[in-house]
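Each remark here refers to the structure printed beneath this line.
For the numbers below, each heavy atom of this structure counts, side chains included, while hydrogens, waters and symmetry mates do not. This is a predicted model, so every value here is computed, not measured.
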Amino acid sequence: MTDFLNDLNEVQRSAVVATSGPVMVLAGAGSGKTRVITYRIAHLINNEGVAASNILALTFTNKAAGEMRHRVDTLLHHGSSRGLWIGTFHSIFARLLRNYIDRIGYDRNFSIFDTDDSKSLIRQSMAELNIPVESVPVNTVQGLISRAKNSFILPAEFHRNASDYNQQQASRIYELYARKLKENNALDFDDLLIKPLELFNAHPEVLSELQEAFRYIMIDEYQDTNRAQYLVAKMLGARHRNIFVVGDDAQSIYSWRGADISNILNFQDDYNDALTFKLVENYRSTGNILKAANSVIGRNLRQIKKELISHRDEGEPLTLIEAYNERNEAERIGDKILFLHKSQGSDFKSFAIFYRTNAQSRVVEDIMRQNKIPYKLFGSVSFYKRKEIKDAVAYLRFILNERDGESLLRIINFPPRKIGDVSISRLKEFADSRGISLYDAIKQAEEAGFQPRLVNALASFSTVIESLKLLAVNGTVYEVLTELFNQTSLPLLLQAENTSESLARHENLQELLSMARDFSDHNPDGGSLGDFLENISLASDYDESQDSDNFVSLMTVHAAKGLEFPVVFITGLEERLFPLHCYEPEELEEERRLFYVAMTRAQEKIFLSWAQSRYQYGQLHHSLPSMFISEIDSSIVQTEGGNLLSERLMKEKPASGSSSMPRGYQKIPASPTGGGAAVIPKSSSSALRKGVMVHHALFGPGVVLDVQGSGAKQKVHITFRSAGEKTLMVQYANLKIQQ
């Protein structure tokens with residue numbers, strides 16, 4: 001037996017050599033997940049004599065698959081892994097379908113349509129069904145169909161269960177779209193997951209053949225599997241039952257793209273004889289970081305209990321940065337990075353800044369540039385280079401300078417006005433013939449003899465521009481941008497698409513609006529549109545590419561999964577931002593898992609930050625610290641001044657049992673009945689104070705911002721996660737205090 005197994009700790013080794021029957025490995029952050037899979041593959045081939053071709057290993061990214069194969073080759077001294085089936089779900093399933101798809105009516109040389117191909121075919125289907133794209137955005141339709149396929153919901157079932165207008169229209173499109181894909185002998189990416197199921201159900205002999213071939217099945221990141229992936233794996237492993245899954249339910253953060261946490265939570269229900277191994281020895285983070293992560297994730301109800309332990313010393317406490325607004329938050333983060341860089345010689349690549357939404361990167365980027373701190377965004381492009389921002393800025397530039405032909409060409413048909421390339425070419429010819437600008441040609445389009453439809457579209461466009469130009473003379477940048485959004489409906493169009501991508505773009509436009517409001521509020525006479533655009537131009541000129549790899553990493557927490565950094569800043573820790581607008585307990589638990597992922601990226605030090613006020617949707621909102629801060633043991637969190645949070649809370653003499661709550665939060669004693677919430681009697685509302693968490697029958701959970709008056713006329717101002725800010729009469733609100 002090869003001695004490479006000596007590289008493993010006791011639990012890792014036990015999991016690797018458990019080669020018979022179903023096995024689940026719960027691999028905590030930094031506990032050596034990939035090592036367990038690769039060593040198990042090497043053990044099966046080298047020590048158990050299993051043919052490489054009898055092993056199927058599935059993962060989610062090409063990078064992970066490549067790393068896995070490289071590690072196996074290294075352990076086996078290269079060559080011995082030839083024939084091993086290792087790759088992403090999509091690539092492996094595509095390979096299988098090339099061999100068998102003719103059984104279900106496709107040629108083996110089928111095409112795989114990318115996202116753009118898919119959208120084009122959806123548009124064709126909508127046209128044939130006389131469903132205008134204005135009524136249901138193509139992106140919305142594509143998202144609904146994709147989600148259905150990932151849940152293995154076929155057109156007939158989708159049609160039966162369609163509840164709202166978008167779903168009803170999408171169900172009609174889905175059926176025709178599926179038919180057209182087959183006519184084109186094509187599959188989209190989601191078909192790569194569901195066509196194997198269709199194949200197995202129609203041809204059990206194919207399933208039997210593959211079950212015999214794949215005697216050992218291994219699945220990485222099992223918590224991220226969707227229903228289709230779960231079903232294929234279960235069917236393939238049904239004969240030999242040597243299914244080995246590795247994952248961490250505490251890091252399940254992708255429900256928005258179809259991942260189903262119940263796959264890992266219910267593994268032992270599917271396989272009641274399964275062996276379970278918990279990898280909890282973390283080789284990445286200090287003791288205090290893991291103590292903080294454990295204390296937070298322990299609040300979740302839907303989980304398989306485990307606690308990470310560290311082989312390192314306790315390390316530093318976490319540091320809490322309490323800023324007065326988002327710009328001050330970014331400035332203080334920049335100051336911390338520069339201080340550690342200069343005083344301790346820390347490389348810039350040691351630092352990572354995480355945020356919950358892409359829109360938050362804007363102010364952080366601004367401060368990084370001002371301080372000449374090299375940085376790089378991951379999983380996104382720089383704020384000012386995002387398409388929706390460039391579109392909105394092009395409008396502003398053209399309003400200021402109507403001779404800006406490039407900006408005009410960018411905005412003339414955005415949002416869509418059915419002004420095609422041929423029409424634009426004719427406009428250019430008309431402008432050249434008269435020696436006038438393209439915009440003047442637009443205003444004189446009726447004289448050029450264009451069709452009435454085009455003349456009307458151009459007139460509508462010029463009306464918008466002229467009204468905005470007039471407003472820009474005396475109005476603020478914020479007023480101009482607000483009116484631009486009102487007249488073009490750019491944010492509403494993105495919101496209507498209701499996809500994760502469109503909603504992120506909507507948030508970016510709202511961040512631009514907040515930037516305009518901040519600029520208008522803090523400049524004499526509101527500041528000019530020219531000054532505002534100059535600031536954006538200077539920011540846009542920053543070259544994100546670096547000559548070296550020494551830069552601060554900026555990214556959303558979702559993009560950070562799987563990475564690690566010595567020092568991590570987790571920003572925007574405020575109610576309704578992180579956690580983000582949670583409506584249901586399941587959503588709140590996923591937000592908590594996301595925070596857990598953020599913390600467990602850190603090796604040496606964590607900085608937590610929140611801002612007491614923040615511009616959102618162009619308005620200044622007062623914020624409350626995230627509940628997640630209060631869930632960390634206050635004895636391992638310090639202020640910027642170096643005082644432990646527990647000491648500060650003792651000085652503030654909080655209510656009994658609230659020693660771990662940060663400023664702005666107070667726990668209320670449980671009700672006399674022993675329940676989890678205390679109902680506020682109509683005759684007494686002394687329990688209501690700023691920072692108290694409450695629940696309303698209609699509006700759901702919220703946090704008290706202010707209490708006004710007393711007795712029968714007492715009012716309470718509350719920010720609800722789902723309903724926003726409300727002012728209620730206490731005696732009629734029937735609020736419950738949350739524990």
Side-chain angles (χ1 to χ4, degrees), residues 325-327 330 357-366 380-404 406-417 439 460-497 502-541 613-621 724:
N325 62 24
E326 69 266 41
R327 186 170 187 83
T357 66
N358 267 311
Q360 291 170 253
S361 77
R362 193 269 305 173
V363 68
V364 178
E365 290 184 71
D366 287 348
S380 180
V381 296
S382 179
F383 181 82
Y384 300 105
K385 294 179 181 178
R386 295 169 192 168
K387 179 186 180 301
E388 60 277 9
I389 300 302
K390 293 179 74 173
D391 290 336
V393 169
Y395 268 102
L396 297 180
R397 285 179 174 153
F398 189 70
I399 291 163
L400 189 67
N401 173 23
E402 66 177 51
R403 295 174 63 187
D404 184 347
E406 288 302 311
S407 292
L408 173 58
L409 292 175
R410 186 178 187 98
I411 65 178
I412 190 171
N413 208 31
F414 186 79
R417 298 182 176 92
Y439 184 57
S460 175
F461 172 72
S462 63
T463 298
V464 170
I465 297 300
E466 291 302 312
S467 67
L468 292 171
K469 284 170 64 178
L470 187 62
L471 180 59
V473 175
N474 296 311
T476 65
V477 174
Y478 171 71
E479 291 169 337
V480 172
L481 193 59
T482 299
E483 187 60 21
L484 168 64
F485 287 172
N486 287 337
Q487 292 205 35
T488 61
S489 299
L490 289 176
L492 290 176
L493 290 170
L494 292 173
Q495 205 168 23
E497 287 186 22
S502 70
L503 293 177
R505 292 170 63 195
H506 174 266
E507 288 288 334
N508 288 334
L509 286 181
Q510 298 304 332
E511 177 61 21
L512 183 67
L513 190 63
S514 294
M515 178 186 174
R517 180 60 181 266
D518 190 20
F519 177 85
S520 299
D521 288 350
H522 293 90
N523 280 280
D525 302 319
S528 72
L529 180 57
D531 291 338
F532 181 74
L533 290 171
E534 183 177 325
N535 288 344
I536 290 178
S537 295
L538 292 174
S540 302
D541 282 341
S613 64
R614 187 178 296 269
Y615 279 99
Q616 293 177 313
Y617 295 85
Q619 302 295 321
L620 186 64
H621 290 273

Ring pair (Phe, Tyr, Trp, His ring centres under 6.0 Å) with F532: which residues, sequence neighbours excluded? F519
Hey, could you give me the CD/CD distance between Q360 and E326, rounded to the nearest 0.5 Å? 9.5 Å
According to side-chain hydrogen bond (donor to acceptor under 3.5 Å, both in side chains), who are the partners of S462, at least two apart in sequence or on a separate chain? none
Interatomic spacing from CG in L396 to CG in D404 - rounded to 0.5 Å: 11.5 Å
Can you find a side-chain donor-acceptor pair between S467 and Q487 that sits under 3.5 Å? yes
For D531, side-chain hydrogen bond (donor to acceptor under 3.5 Å, both in side chains) partners two or more places apart: S528
Please find the pair of heavy atoms, one from Y395 and one from I411, that lie closest to each other, and give the distance. OH-O, 3.4 Å
Test ring pair (Phe, Tyr, Trp, His ring centres under 6.0 Å) applied to F398 - qualifying residues, sequence neighbours left out: Y439
Applying side-chain hydrogen bond (donor to acceptor under 3.5 Å, both in side chains) to D391 and not counting sequence neighbours gives K387, R410
What residues form a ring pair (Phe, Tyr, Trp, His ring centres under 6.0 Å) with Y615, not counting sequence neighbours? none
What's the spacing between T488 OG1 and L493 CG if we round to 0.5 Å? 7.5 Å
Do you know the tightest heavy-atom contact between F414 and L490? CE2-CD2, 3.2 Å
Can you tell me how far CZ of R517 sits from OG1 of T476, rounded to the nearest 0.5 angstrom? 8.0 Å
Between A392 and L512 the two heavy atoms that sit nearest each other are CB-CD2, 3.7 Å
H506: partners by side chain to side chain contact (heavy atoms under 4.5 Å, CB included), with sequence neighbours left out: P491, L494, Q495, Q510, Y617
Set of side chain to side chain contact (heavy atoms under 4.5 Å, CB included) partners for L400, sequence neighbours left out: L529, L533
For the residue pair R327 and V363, what are the closest heavy atoms and their distance? CA-CG2, 3.7 Å
Applying side chain to side chain contact (heavy atoms under 4.5 Å, CB included) to T482 and not counting sequence neighbours gives Y478, N486, L513
Kindly determine whether R386 and S380 satisfy side chain to side chain donor-acceptor pair (under 3.5 Å), including the steps that lead there. CA-CA 8 Å; R386 295 169 192 168; S380 180; 3.3 Å; yes
Taking salt bridge (charged side-chain N to carboxylate O under 4.0 Å, His left out) as the cut-off, I'd like each qualifying pair that reaches into residues 468-482, sequence neighbours left out, listed once. E402-K469, E466-K469
For D366, the side-chain hydrogen bond (donor to acceptor under 3.5 Å, both in side chains) test, sequence neighbours excluded, returns R362, R369, Y384
For residues A359 and E511, report the shortest heavy-atom separation together with the two atoms involved. O-CG, 3.4 Å
Could you list the residues that satisfy side chain to side chain contact (heavy atoms under 4.5 Å, CB included) with S613, not counting sequence neighbours? N325, L620, H622
Do you know which two heavy atoms are closest between I389 and N508, and how far apart they sit? CD1-O, 3.5 Å
Straight-line distance of S502 OG to E497 CD, nearest 0.5 Å: 4.5 Å
